[in-house]
Each structure stands twice: as structure tokens, then as C-alpha cells.
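Here is the naming used below: chain letters follow the sequence lines, and residue numbers restart at 1 for every chain.
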Amino acid sequence: MLQPLAQNIIYGILIGALYGLAAVGLSLVFGVSKFLNVSHGELLMLGGYASFWVFKLLKIDPFLSIPLTIIFLLLIGFIFYRLIFSRLIKLEVEKKIQNSLLVGFGLSTILQNVALRLWTADDRSITTAYSGLSFELAGLRLPAVRLISLAISVVALISLQIFLKKTFTGKAIRATVEDWQSASLMGINIHRVYLLAFVIGCALAGVAGTLVSICYSIDPSMGLNWTLKSMVVMVLGGLGSMIGTFVGGIILGVTESATAFFIGGNYRLIAGLLLFLIILIFRPQGLFGTKEGDR
Amino acid sequence: MLKLTEIDTFYGDLQALWGISLEVREGEMVSLIGPNGAGKTTTLQSITGLLRPAKGSITFDGHDLLKVPPDKIVDLGVSMVMEGGRVFAGMTVLENLELGAYGSRARKERFETMEHVFKTFPRLKERLNQRAGTLSGGERQMLAIGRAMMSKPKLLMLDEPSFGLAPILVDAIFEMVKGINKQGVTILLVEQNVRAALELADRAYVIENGRIVGEGSGEALLSYESVRSAYLG
């Protein structure tokens, strides 16, 4: 009983790190520009396919191709922002959230169908020479690719954190999150900050997508599921705390796998959404977020 | 140094400023007084680029401010402290000050400027690594002014620096503003505390319903009958 449970929880942590990574991107974009980008999951899907094809056609190891995925998604993000999202920035906060939902929804439908057309509905995953490798620790199985993915997620998170805390540009992003008018008076070009946060969010989704294509599988319709998970985690962790969001991802992963273990695999989605509701009712600022008034 | 000519500014469809003209000369301390909703804050925001006038012109040191993007205006030497200070509460005092020197001109000299700011506001040095949200009201206002000083402004605009502060702090803040003016920084002060604003200022403008209705030296306005009855009781 204990052994399989522990094994399940480990799997929960490993997938939870990917939830966290995906959600950090969504949360960053939402925090800075108040765009709720519901096509975030599709960006993840694009990242996954990018690595898949780079591996298939160019035989480049998926972990090593992550910089390529990042560049690809920075570009995609730049195009989407300039073409679509930049038109929403002048709106009031509420209108911004509503309109970005609509725009994101349209974008996600388009991207799904384009992916379906180009790459068929088949599930794909990247199988490398070391894909089956795993470590044993106290009778528990630790798949190598998922461990590496966990490590990469943590590195991505720490890099983001250092960027936000230590660089002038990162501080400008945090200042804009707090008070864009004040930030503007400091001489910060807030439109550039919005753009920058958006493309970083896209790049994080792309990295998560690559890791998903290595550890699990990708298909054109995977996006919605990942968007939902990211939103649940964003609320769970609380806005404004990147590490909180990441931990929120792990909590969701563990909750899901514990539910699957105790109740049944079909209930894992429900468990996540239930957790979401409970948090919204009892701690709307999230587990690690601060109330507006506290600041 | 700063010259506004016949500017009209709107909030959406609502016209807030009607042909405002005013001038601030180098080294001066000028006050802008008037009742709530008269357009004082709107005037300052029109200068900093947070709002854009529909008509008229604003020039600063020969630059047409209406053609300068908002994030470059501070680089020209115009800095504004908004009402309530609006410090970045989740960031430390140090980070707030650093962001004050975000512009390329000020950034290079930020360490020296910071030492200079500490001379005016020694309290900030003690609180350097504290989150700005944990500061008292007076300390926040000092941080807001210190942060604005970090951009090495030629013109410092202050929107209600006394707002919400205890009387003893109000005097202290005004003393500091006076000190900053003495160092050669031109000041445009918006205040509800009319007596103090007029006593401090070289000149003042009275604004009502989005229009300039009076202008003169601080002393002259203090003795001006309609100002006395309207604001000083």
C-alpha cells in the first residue's frame, strides 16, 4: 500500500513541476498586462511539436533543442502580441480580461485546427535512446527523462526569479505589475514591458511543451487541458509569486495522483477543479499570494 | 523652463481642462491651488504624458513635450510625485530608489544620487532593505520624493505631498521640499493646504473648473480677498 502510494506521489510531483512551469508563464502575462491568455496551452503544444520535428527531422536531442524552442516561441509570442494582443492594452482592466479571453479563445481554435491539418490528430512523443532509463531508490522508480525535466523546470524558474529580482528590466516588470502609472513616471516604457512579459510567458510555455513531448505525449487538442491546469495552478499559488505558482503546480500534480490512487484515475480532473473551487472560496488570493490590502 | 499654452485635456468624452496656460521659470517654486476636482492633478498628468491634451502646447527646455513619449519625458528632467506617493509597496526601499533612476541619463550616476538623497532623507537609509509597504505614511512620502529625486530632475512636480499626513509631518515635508528647491530644482506644487502652499511659493496659480482663474505672487494671493474667503476661511 505505502510503496505504490509513494510511487504515485512521486509521479504527481514530476508532472506537477510541468503544471507549475506552464502556469508561471500564464501568471506572469496575467500579472503584468491583465491578459488572460487562454491560448497558453496551444503555445505549449507548439513548443512540443517544435521539439518533436526538430528531433525527427534534424535528429537533435530534445533537451538540447530547448534553446531553439525558446527562440521559436519568443518569435511566435512577438508576432501574436504585435498583431493581436497589443490592440487590447489601452482598455480598462475588466475589458482587457474579457477581450483577451475572446481573442485567446479564437486563437486557440485556429492553432488547434492548423496543427490538426499539418500534423494529424495522432499522439506524438519523443523517444530517445535513454527514454526508458530509470533510477531505483528505496524500491521507487524515478524515470530519468522526468527527473531531468523537473531539474530543467526548476532551473527555468530560478532563472526567471533572478531576472525579476536582480536586473533593471526585471524590476521594471515587477514595478509595472504593481502600478503601471507609477512605473511609467519612472521612465519605464510600459508597452515594452507588456511585450517582454508576453514573450517570456510564451517561451516558458514552449519549454513546458518540449518537456511534455519528452515525458508524456502531445496532440493538437492538448492545449485546452493545459490552459485549464495552468489557470487552476495560477489561482492556487496566488498571483505575484512565481515560486508560489510553481509549488501550486506540484500541489495540483500530487492531488491528482493521490486521487487517482485512492478513488480512481477518472476522478483526477475533478479533484483538481474541486481544489480550485475550495481555494477560490476560502483563500481567493491563493496559497502564497498577498491580499491587495496587505501591501 | 516649462510653458503650457491653451491646453485642453479630456477624460474620455469629459473635458477636464479648458485652455490652461501657465509658466514655471527656472529655479522657481510655483504652486497650483484650487478645490477638489478643479483639474490640478489632470494638469500635472498632462505634463508627464500620463494624459495627452487634445489641444494646445507644452514645452519644456525647448522640447515639445507632446511629441515626446511618456517614458522619455523623465529623461528630459521632469519628475512627478503622485498623490499618496504611490511607491512600489511590494519592493524594497532600495529597489524603489533604483527604479527612480531607471532613465539612461540618471542610471549612470545612481549611486552618487542615492547618497545625495540620503542626505535629505536619512530615514530612507535606515529602511533600505525593508519593503516599502511596511513604511509609515510619512516615510512613504519621503521615499516617493526621494525616488523622484533619483531621476535628477530639473523640474519636480508634487501632487498633494501633505495628503493624509499628521500636521507635524506636513511641516517636515514642506521643509524638505523647500530644501530641494534651494538646491536648484524647480518645483511645481499642487496643494490643498493652501496657506502653506502660498507661503512657500514664489508664485501661484488658482485653478477652478478646469480653468486658470487667478495668478500672482504667493503673498499677493494670500491677501487676495476671494482666495481668502474661498480657501482660508
Report, as yes or no, whether the 6.0 Å neighbourhood of atom CD on B:Glu112 holds more than 12 heavy atoms from other residues, nucleotides or ligands.
-> yes
Kindly check if the number of other-residue, nucleotide or ligand heavy atoms within 6.0 Å of NZ (A:Lys96) is above 12?
-> yes
CZ-CE distance between A:Arg174 and B:Met91, expressed to the nearest 0.5 angstrom = 4.0 Å
Taking only residues two or more places apart in sequence or in another chain, which ones pass side chain to side chain donor-acceptor pair (under 3.5 Å) with A:Ser182?
-> B:Arg147
When rounded to the nearest 0.5 angstrom, what distance separates CZ in B:Arg86 from CG in A:Leu185?
-> 8.5 Å
Checking B:Arg105 against chain A: side chain, backbone, both or neither under 4.5 Å from a heavy atom?
-> neither
Might you point out which heavy atoms bring B:Phe88 and A:Asp179 nearest each other, and give the distance in Å?
-> CE2-O, 3.8 Å
Could you tell me which residues satisfy side chain to side chain donor-acceptor pair (under 3.5 Å) with A:Ser241, sequence neighbours excluded, listed by chain and number?
-> none
Should we say atom OH of B:Tyr11 is surrounded by more than 12 heavy atoms from elsewhere, each under 6.0 Å from it?
-> yes
Tabulate, in ascending numerical order, the residues of residues 92-104 of chain B having at least one heavy atom closer than 4.5 Å to a heavy atom of chain A, or enter 'none'.
-> B:Glu95, B:Glu98, B:Leu99, B:Gly100, B:Ala101, B:Tyr102, B:Gly103
Whether over 12 other heavy atoms sit under 6.0 Å from A:Arg82 CZ | no
Any chance CD of A:Glu94 has more than 12 other-residue heavy atoms, nucleotides or ligands included, within less than 6.0 Å?
-> no
Applying a criterion of heavy atom separation less than 4.5 Å, what residues of residues 60-77 of chain B form contacts with chain A?
-> B:Pro70, B:Asp71, B:Val74
So does B:Phe163 have more than 12 non-hydrogen atoms from other groups sitting under 6.0 Å from CZ?
-> no
Counting only heavy atoms not in B:Arg123, do more than 12 fall under 6.0 Å of its CZ?
-> no
Flag yes if more than 12 heavy atoms outside A:Phe105 fall under 6.0 Å of its CZ atom; otherwise flag no.
-> no
